[in-house]
Amino acid sequence: MKIIFATHNQNKVEELKQIVPSKYSLLSLNDIGCIKEIKETGSTLEENAQIKADYVRFKYGLDCFSDDSGLEIDALGGAPGVYSARYAGDQKNNDANIEKIWKELKGIKNPRAIFRSVIYVHLNQKKICFQGKVEGNIIYEKLGLEGFGYDPIFIPKGYKKTFAELGNTTKNKISHRALAIIQLVKLLERT
Ligand code: ITT
């Protein structure tokens, strides 16, 4: 069965391919020829996830799901949150985003953070939303080479290494996106 994942982020696609059973074949926006950037004008992860899934549902008439995710840091009032991809500007520069977080944290010790993922699904004329989150803390150096985005500066609670050091096998068991997508897989299995 083919499922459209309304994303242009290849890292998200690769992650989910490792989690979703192989009988479901994931197609990204590029795979269906949708190269246009979908403007994320919402002020919450839920709103942006819906914007991306609605765009595909109504432009292409296809069932699909989207993911809007972000890093919420307590000491920054939940920032970068919904602005995680563009925290340091529209160029979506990951290094600049991390530098900006470090600057704003001003050396606060062990800043607590949450990674949150909202998955919005269009399936058989129904709309469903799932959420996954993982707690952890931010560190002031980049450690590890796997993953993407803020993975090298995020240590999940109960671990001593960053997501980027733990690698995809561990990340995909405990991450915000994994916890959200498992709920979608359960729904697909029941459908
Ligand atoms: P799409 O909208 O096309 O899906 P995007 O990268 O713009 O791709 P988001 O709008 O959801 O995705 O932005 C999420 C940003 O949050 C992402 O670019 C990363 O910087 C960060 N992020 C989300 N999940 C992450 C993860 O698992 N590890 C590290 N950083 C993550």
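Everything quoted here is computed from the prediction, not taken from an experiment. Remember, it's 1-based here, ligands and their atoms both numbered in the order they're listed.
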N-O pairing of E146 and K171 below 4.0 Å: no
Note: E37-R86 ion pair, threshold 4.0 Å (strictly below): yes
Per-ligand residue contacts, ligand 1, heavy-atom threshold under 4.0 Å: T7, H8, N9, K12, E40, K52, D67, D68, S69, S84, A85, K92, F115, F148, G149, Y150, D151, K171, H176, R177
Counterpart residues, side chain to side chain contact (heavy atoms under 4.5 Å, CB included), relative to N124 (two or more places apart): D63, T191
Electrostatic pair E46:R116 at N-O distance under 4.0 angstrom: yes
Shortest non-hydrogen contact between G70 and S84, atoms and distance: CA-OG, 3.2 Å
Residues K142, D95: salt bridge by 4.0 Å N-O rule: yes
